[in-house]
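Here's the structure we're looking at; comments come further down.
All residue numbers refer to positions in the sequence shown, counting from 1. On a predicted model such as this, the values are computed, not experimentally measured, just so you know.
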Amino acid sequence: MSNYKTALVTGASAGFGFEIAKALAESGFKVIAAARREDKLQKLAKINPENIYPVFMDVTDASSVSKALNTLPEELREIDILINNAGLALGTDPAVHCSLDDWKVMVDTNITGLLCVTKAVLDGMVKRNKGYIINLGSTAGAWPYRGGNVYGGTKAFVEQFTRNLRTDLQGTALKVSVIKPGLCSDTEFSNVRFKGDDAKAASVYIGTESIKPEDIANMVMYLVNTPAHLNINEVEMMPVCQTYGGLSVVRNLDLNEIK
């Protein structure tokens, strides 16, 4: 049985966050489900109103995070599980053609958001010597691909921050893990990445048996139920149909400067 009671899940309005919040609540955890889309949070809360408490939170804004946490009911304030799930990708263009604004949005959400929420709950966890932080990274943070540029960079940050945070917490009973999913369908990830082009988003998964949000939720449930002495540093998850692409070589490359 888990040693933890109260979980904060960011990006809980859809995809991984939705399924993680639902799974935790079904197992008896009190879940603070945080996101910006309040209508979808209400839909989630109706699934398990006894254990799911929806809150509006913009993770990129430290004041929004602080306001959300400071107005929680007293019984939910001792957060001992943090699932840093909020994140997104925008576009798959090569770097030279990317939008700087899109890059900034990815950095704000995937990095700044992670930092704002982690900082907000970490002090309480350390003071109580009890807590588990699980960050959602990506295989994109370890394995580059064309068009992954800044998204991959932000997820590499998540992976390295997780390792450094774990190092900083040496001497405490706190746990820190990163989950790095690969190709995963049944989320809004590709729809957001392609800015509402649902046909293009659907094409990513044609002919695949990809992993599902429930698979990620099941991994979270495994992690939060591990014994107190065990820390799983990182978990990389891919569907069987996905694997590494190897290194590419360009033949007869023109190395002359264009005049």
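Crowding of Gln170 atom CD: a count of heavy atoms from other residues, nucleotides or ligands under 6.0 Å not exceeding 12. The local environment of CD in Glu159 is crowded, with over 12 non-hydrogen atoms from other residues, nucleotides or ligands closer than 6.0 Å. Within 6.0 Å of CZ on Arg37 lie more than 12 heavy atoms contributed by other residues, nucleotides or ligands. By the neighbour-count criterion of 12 heavy atoms within 6.0 Å, atom CD1 of Ile258 is sparsely surrounded, having that number or fewer from other residues, nucleotides or ligands. The environment of NZ in Lys5 is sparse: at most 12 heavy-atom neighbours from other residues, nucleotides or ligands sit within 6.0 Å. Within a 6.0 Å sphere centred on CD of Glu209, other residues, nucleotides and ligands contribute 12 heavy atoms or fewer.
The nearest pair of heavy atoms linking Met221 to Ser27 is CE-OG, 3.2 Å. When all heavy atoms are compared, the tightest approach of Ala12 to Ala33 is CB-CB, 3.8 Å. Taking every heavy atom of both residues into account, Ser177 and Asn231 meet most closely at OG-ND2, 4.4 Å. Among all heavy-atom pairs drawn from Ser64 and Phe56, the shortest one is OG-CE2, 4.0 Å. In terms of heavy-atom proximity, Asn110 sits nearest to Gly87 at OD1-CA, 3.0 Å. The nearest pair of heavy atoms linking Ala86 to Gly11 is CB-N, 3.8 Å.
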### Task
Please test Lys127 against Asp123 for salt bridge (Lys or Arg N to Asp or Glu O under 4.0 Å), starting from the C-alpha separation and ending with a verdict.
CA-CA 6 Å; Lys127 286 179 178 176; Asp123 185 59; 3.0 Å; yes

### Message
Between Glu257 and Lys259, is the salt bridge (Lys or Arg N to Asp or Glu O under 4.0 Å) condition met? List the steps.
### Response
CA-CA 6 Å; Glu257 181 180 356; Lys259 300 296 186 180; 3.6 Å; yes

### Task
With salt bridge (Lys or Arg N to Asp or Glu O under 4.0 Å) as the test, would you mind laying out the steps for Asp93 and Arg146 before giving the verdict?
CA-CA 8 Å; Asp93 290 333; Arg146 285 182 177 273; over 6 Å; no

### Query
Are Tyr151 and Phe189 close enough, and set up right, to give a ring pair (Phe, Tyr, Trp, His ring centres under 6.0 Å), and what steps lead you there?
CA-CA 12 Å; Tyr151 174 69; Phe189 178 82; 5.5 Å; yes

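Linking ILVMFWY residues whenever their side-chain heavy atoms come closer than 4.5 Å, directly or via other members, places Ile79 and Leu169 in the same cluster. In the hydrophobic clustering of ILVMFWY residues, with side-chain heavy atoms under 4.5 Å counting as a link, Leu8 and Val178 come out together. In terms of hydrophobic clustering, with Ile, Leu, Val, Met, Phe, Trp and Tyr side chains grouped at heavy-atom distances under 4.5 Å, Tyr132 and Leu136 are assigned to a common cluster. No chain of hydrophobic side-chain contacts below 4.5 Å, direct or via other Ile, Leu, Val, Met, Phe, Trp or Tyr residues, connects Ile179 to Leu114. Val65 and Val9 are not part of a single hydrophobic cluster, where members link through side-chain heavy atoms under 4.5 Å apart.
The main-chain N or O of Lys212 is found under 3.5 Å from a side-chain atom of Asp215 such that the two form a donor-acceptor pair. Looking only at distances, a side-chain donor or acceptor of Lys175 sits under 3.5 Å from a matching main-chain atom of Leu230. A donor-acceptor distance shorter than 3.5 angstrom exists from the side chain of Asn225 to the backbone of Ser2, with no hydrogens or angles considered. Within the 3.5 Å criterion, the main-chain N or O of Val105 finds a donor-acceptor partner in the side chain of Thr109. Asp80 places no side-chain N or O within donor-acceptor distance of the main-chain N or O of Tyr4, the cut-off being under 3.5 Å. Asn85 places a side-chain N or O within donor-acceptor distance of the main-chain N or O of Thr10, the cut-off being under 3.5 Å.
A 4.5 Å side-chain heavy-atom check between Leu69 and Val121 finds at least one atom pair inside the cut-off.
Of the residues Leu165, Asn233, Asp168, the one that meets the side chain to side chain contact (heavy atoms under 4.5 Å, CB included) test with Val176 is Leu165.
Side chains of Tyr145 and Thr92: no donor on one and acceptor on the other come within 3.5 Å.
Salt bridge annotation for Glu234-Arg163: present, with a cationic side-chain nitrogen under 4.0 angstrom from a carboxylate oxygen.
The side chain to side chain donor-acceptor pair (under 3.5 Å) analysis of residues 40-49, with sequence neighbours excluded, yields no pairs.
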